[in-house]
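Below, chain A is the first sequence line, B the second, and so on; all start at residue 1.
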Protein chains: 2
Amino acid sequence: MTITILIVEDEPILQEMISLNLKRAGLIALCADNVEQAKRIIINVLPDLVIIGGILSSMEGIEFARRLKIEERTKSIPILMLTAQDQGSEIIADLVVDVEDYIIKPFSPHELIARIKAVLRRRLPEMADEIIQWGGLKLDPTTHRVHVYTKDEQLEPAEITLGPTEFRLLHFLMINRERVHTRAQLQDRLWGDHVFIEERTIDVYIRRLRTTLKAVGKENLVQTVRGIGYRFSVE
Amino acid sequence: MTITILIVEDEPILQEMISLNLKRAGLIALCADNVEQAKRIIINVLPDLVIIGGILSSMEGIEFARRLKIEERTKSIPILMLTAQDQGSEIIADLVVDVEDYIIKPFSPHELIARIKAVLRRRLPEMADEIIQWGGLKLDPTTHRVHVYTKDEQLEPAEITLGPTEFRLLHFLMINRERVHTRAQLQDRLWGDHVFIEERTIDVYIRRLRTTLKAVGKENLVQTVRGIGYRFSVE
DNA sequence: ATAAAATTTTACAAATTCGTGACAATAGCA
DNA sequence: TGCTATTGTCACGAATTTGTAAAATTTTAT
């Protein structure tokens, strides 16, 4: 799966820096020096994320973002803005209601990549049909199977069976491993906004998942963060 | 941060029920019996969310929602509609394109609050979730973990566990490190201004934080500024 | 040096949160 | 059709967290 990112940035050095770092992270970068160019690109390619850079100061950036959010074809594309330090953050927050996230300059490449990944994860969390393997568990979304690798070198990995909900829960937790999720977040992601369930129901599914994992000797993979939520972690 | 919610609902009992539950959840509720009254309120106060109730049946509600979405000043306010069961949900979905979300009556108070929070959560920008590293402490808001780097070059940084409040306290102090915070400021930022706390309580949490830090050899990171408040400092 | 003020500890009860087992309702399937 | 798996809820108890009051200690001012 390839992810395409459109960068709208008039400063050549910054543009280069961003594009380089994106490539290094395995993402495809398209660059535009101005809004007109960006519009032309979007006609042909629908990016997974748009980064709007320094042109913000001219208000052109905000206008462009708004335009993207209005059009049906583009309105679900997340937008990340790079804003200058000196503009009051309240003003920015007011202006950029259509924007998914923003970074205040100057920022480190590392920070940029982290933020991009965060935005993408929020948008396309379970798009990956890829096999995910972590903490001795191998989960295959296509075959809907989970295998367990035990420590004692049995060549035969045991297979465990999970109910549909438990499977989705484990999948989500494994994709976003190490990250704590509140019950509300899990509810949003696994049940959707329009299905109403008690928050405690999530505890129950966590328990069911834990029980089956414990049966094959995998304890402590699904952890409780008291007062916050749950987390999948390999220590 | 206070969140204000405008309720437009002509049924007094329902209005009362909603407003009561909002207050209990720490949200400020403004009530209007009809659309005219609601308009007058909006001139003075810009709410963070509008709940439109039973008046929907008269089409007045939809018209009102549309009006809100057109005006520049109000168009970014999310709208939550309470709709009656008997109206076909497809019809409603068609009509209320301007609405962020809707609940079908009858609903439980709990469900209402959950939905409100979901709508607000979607709108509010993600909290600053960058890793903060200072004074030998590394705090990661996404994984909700704190690691300690000891001087004696152990490659394994120790992990410490903090209660939710201690964690938030440390996070806040680290973000605003070197700056002194009065107890009142800490109270505002960590508990919000609608929760009443004894000022001494903050001393207690400072102490709890200090105790766990001291246990891993990190003394003097949280400092007292006598007569003013507290500060996180790396000397 | 002594009283007053501010902060640190200690101890404790109330409130909250979490794990668990049991249960009815529902959906899926043979 | 009946059987089985799944789904979501609830209530209870255990563990943890929360906020407070009050005693003990430290610092400051007189």
Side-chain angles (χ1 to χ4, degrees), chain A residues 144 146 160-173 180-215 219-231, chain B residues 24-26 107-111 113-114 144 146 160-171 173 180-215 219-232:
Chain A
H144 223 260
V146 182
I160 56 177
T161 42
L162 295 170
T165 310
E166 283 129 82
F167 186 88
R168 278 186 305 140
L169 175 59
L170 178 61
H171 189 196
F172 178 77
L173 288 177
V180 185
H181 306 276
T182 65
R183 284 164 237 275
Q185 287 168 340
L186 291 172
Q187 183 178 331
D188 274 3
R189 288 309 184 64
L190 296 173
W191 278 264
D193 292 338
H194 279 79
V195 183
F196 175 73
I197 59 162
E198 288 293 324
E199 284 210 330
R200 303 298 264 92
T201 300
I202 288 163
D203 299 23
V204 176
Y205 279 99
I206 289 282
R207 174 169 62 87
R208 285 167 181 164
L209 179 54
R210 276 174 176 163
T211 309
T212 38
L213 288 180
K214 188 173 181 178
E219 297 193 58
N220 219 38
L221 280 176
V222 179
Q223 302 170 350
T224 306
V225 181
R226 198 159 233 280
I228 312 292
Y230 295 101
R231 162 177 68 193
Chain B
R24 201 176 298 159
F107 49 83
S108 72
H110 187 187
E111 185 180 356
I113 296 294
H144 220 263
V146 182
I160 56 177
T161 41
L162 296 170
T165 309
E166 284 128 80
F167 188 90
R168 278 185 302 141
L169 175 60
L170 178 60
H171 189 196
L173 289 177
V180 186
H181 305 276
T182 66
R183 293 179 178 75
Q185 286 168 340
L186 291 172
Q187 181 177 330
D188 268 7
R189 300 301 295 270
L190 296 173
W191 277 265
D193 40 16
H194 55 276
V195 179
F196 294 108
I197 309 250
E198 287 295 323
E199 285 211 330
R200 295 270 134 260
T201 300
I202 288 162
D203 299 20
V204 175
Y205 278 101
I206 289 282
R207 176 175 169 278
R208 285 170 180 161
L209 180 53
R210 277 173 174 163
T211 308
T212 39
L213 289 180
K214 188 174 180 178
E219 297 193 58
N220 219 38
L221 280 175
V222 179
Q223 301 169 350
T224 306
V225 181
R226 206 182 165 78
I228 313 289
Y230 296 99
R231 163 177 65 192
F232 182 97

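The side chain to side chain contact (heavy atoms under 4.5 Å, CB included) check on B:V204 picks up B:R208, with sequence neighbours excluded. Residues meeting the side chain to side chain contact (heavy atoms under 4.5 Å, CB included) test with A:E199, sequence neighbours left out: A:R183, A:A184, A:Q187. The side chain to side chain contact (heavy atoms under 4.5 Å, CB included) check on B:R168 picks up B:T165, B:L190, with sequence neighbours excluded. By the side chain to side chain donor-acceptor pair (under 3.5 Å) test, A:T224 is found to be paired with A:R210, residues two or more places apart in sequence or in another chain being considered. Scored by the salt bridge (charged side-chain N to carboxylate O under 4.0 Å, His left out) test, A:R200 finds A:D203 as partners (sequence neighbours excluded).
Taking 4.5 Å as the limit, every side-chain heavy atom of B:T161 sits out of range of all side-chain heavy atoms of B:T212.
Residue B:R226 places none of its side-chain N or O atoms closer than 4.0 Å to OP1 or OP2 of C:dA5. Taking only side-chain nitrogens and oxygens, B:Y230 comes nearer than 4.0 Å to OP1 or OP2 of C:dT8.
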Got a list of protein N/O to nucleotides 5-12 of chain D N/O distances below 3.5 Å?
| residue | atom | partner | partner atom | Å |
| --- | --- | --- | --- | --- |
| D:dT7 | OP1 | A:T165 | N | 3.0 |
| D:dT7 | OP1 | A:T165 | OG1 | 2.6 |
| D:dT7 | OP2 | A:Y205 | OH | 3.4 |
| D:dT7 | O5' | A:T165 | OG1 | 3.4 |
| D:dG8 | OP1 | A:W191 | NE1 | 3.3 |
| D:dG8 | OP2 | A:W191 | NE1 | 3.2 |
| D:dG8 | OP2 | A:Y205 | OH | 3.1 |
| D:dG8 | N7 | A:R208 | NH1 | 3.4 |
| D:dG8 | N7 | A:R208 | NH2 | 3.4 |
| D:dG8 | O6 | A:R208 | NH2 | 2.7 |
| D:dT9 | OP2 | A:E198 | N | 2.8 |
| D:dT9 | OP2 | A:T201 | OG1 | 2.5 |

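Between the CD1 atom of B:I206 and the C1' atom of C:dA6 there is a distance of 15 Å, given to the nearest Å. When the P atom of D:dG19 is taken as reference, atom CZ of B:R183 falls 16 Å away, rounded to whole Å. Distance NE2 (B:H144) to P (C:dT17): 13 Å, rounded to an integer number of Å. One can place CG of B:L209 at 13 Å from P of C:dT9, the figure rounded to the nearest angstrom. For B:L169 and D:dT18, the CG to C1' distance is 14 Å, given to the nearest whole Å.
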